[in-house]
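Keep in mind the model is a prediction, meaning the values are calculated, not measured. Start at 1 with the first residue, then count along the sequence.
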Amino acid sequence: MIVLTSAIAFTILILIVILFQVALAVGVPWGEYAMGGKFPGKYPVSMRFACIFQIAILAFMCIIVLSKAGLLWPQWSVFAETAMWFIVAYLVLGTILNLITRSVWERRIWAPVTLLMLITSIMVAIT
């Protein structure tokens with residue numbers, strides 16, 4: 001039950017992050033809430049393409065978590081066993097970066113989200 005709950009919570013959180021990245025990619029002026037606030041307002045074109053790449057990575061992470069939890073593509077379970085620990089490591093780094101950023105908004109918004117994603121990914125990984 002804890003794995004199912006953790007996987008669903010992770011999925012909801014990562015969908016929020018994906019939607020935020022989609023908003024940045026299409027030009028919503030939320031640049032101050034990402035990348036340490038380096039690009040306030042609308043992202044430049046190069047950063048919008050980076051958002052699309054980030055969306056693909058986040059979606060792949062979600063598929064891995066759902067596979068590890070047994071909710072999607074069970075044929076990926078062996079791959080997901082190992083890949084989960086890369087996700088955990090990625091989220092450790094992401095949490096640290098969101099905690100030490102100069103952007104107050106990132107610390108307030110994205111540090112808690114990343115921390116919750118880290119906790120839920122660990123719960124899925126250790127089962």
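- With values rounded to the nearest 0.5 angstrom, Leu19 atom CG is found 9.0 Å from Ile55 atom CD1.
- Residues Met84 and Ile126 have side chains not in contact (no heavy-atom distance under 4.5 Å, counting atoms from C-beta outward).
- Closest of all the heavy-atom pairs between Ala69 and Val124 is N-CG1, 4.2 Å.
- Cluster annotation: Ile96 is not connected to Phe86 through the hydrophobic network of ILVMFWY side chains, with a link wherever side-chain heavy atoms come within less than 4.5 Å.
- Here the closest heavy-atom approach between residue Ser67 and residue Trp73 is recorded as OG-O, 3.6 Å.
- Considering CG of Leu13 and CG of Leu115, their distance stands at 10.5 Å, rounded to 0.5 Å.
- Closest of all the heavy-atom pairs between Ser6 and Thr120 is O-CB, 3.5 Å.
- Counting non-hydrogen atoms of other residues, nucleotides and ligands closer than 6.0 Å to CH2 of Trp76 gives a total above 12.
- When the side chains of ILVMFWY residues are joined at heavy-atom separations under 4.5 Å, either directly or via intervening members, Phe60 and Trp85 end up in a single hydrophobic cluster.
- The number of heavy atoms from other shown groups lying within 6.0 Å of CE (Met35) does not exceed 12.
- The CD1 atom of Ile64 sits 11.0 Å away from atom CG of Leu72, with the distance rounded to the nearest 0.5 Å.
- Criterion: ILVMFWY side-chain heavy atoms under 4.5 Å apart, direct or through other members. Under it, Ile16 and Val65 are part of a common hydrophobic cluster.
- Put simply, CG on Leu66 and CD1 on Ile8 are 8.5 Å apart, with the number rounded to the nearest 0.5 Å.
- Side-chain heavy atoms closer than 4.5 Å link hydrophobic residues (I, L, V, M, F, W, Y) into clusters, and following such links, possibly through other members, connects Phe53 to Trp110.
- Considering every non-hydrogen atom in both Ala25 and Ile52, the closest pair reads CB-CG1, 4.3 Å.
- With sequence neighbours left out, Leu58 forms a side chain to side chain contact (heavy atoms under 4.5 Å, CB included) with Ile14, Val17, Ile18, Gln21, Gln54, Met61.
- Residues satisfying the side chain to side chain contact (heavy atoms under 4.5 Å, CB included) test with Thr101, not counting sequence neighbours, are Ser103, Glu106, Arg107.
- Closest of all the heavy-atom pairs between Ile87 and Ser121 is CG2-CB, 4.3 Å.
- Classification of the Trp105-Tyr33 ring pair by plane angle, with boundaries at 30° and 60°, yields perpendicular.
- Proximity of Val28 to Phe20: side-chain heavy atoms (C-beta onward) are nowhere separated by under 4.5 Å.
- When all heavy atoms of Val88 and Leu118 are compared, the pair lying nearest together is O-CD1, 3.6 Å.
- The line from OH of Tyr43 to NZ of Lys38 is 10.0 Å long, rounded to the nearest 0.5 Å.
- Remark: Glu81 CD to Thr127 OG1 distance equals 7.5 Å, nearest 0.5 Å.
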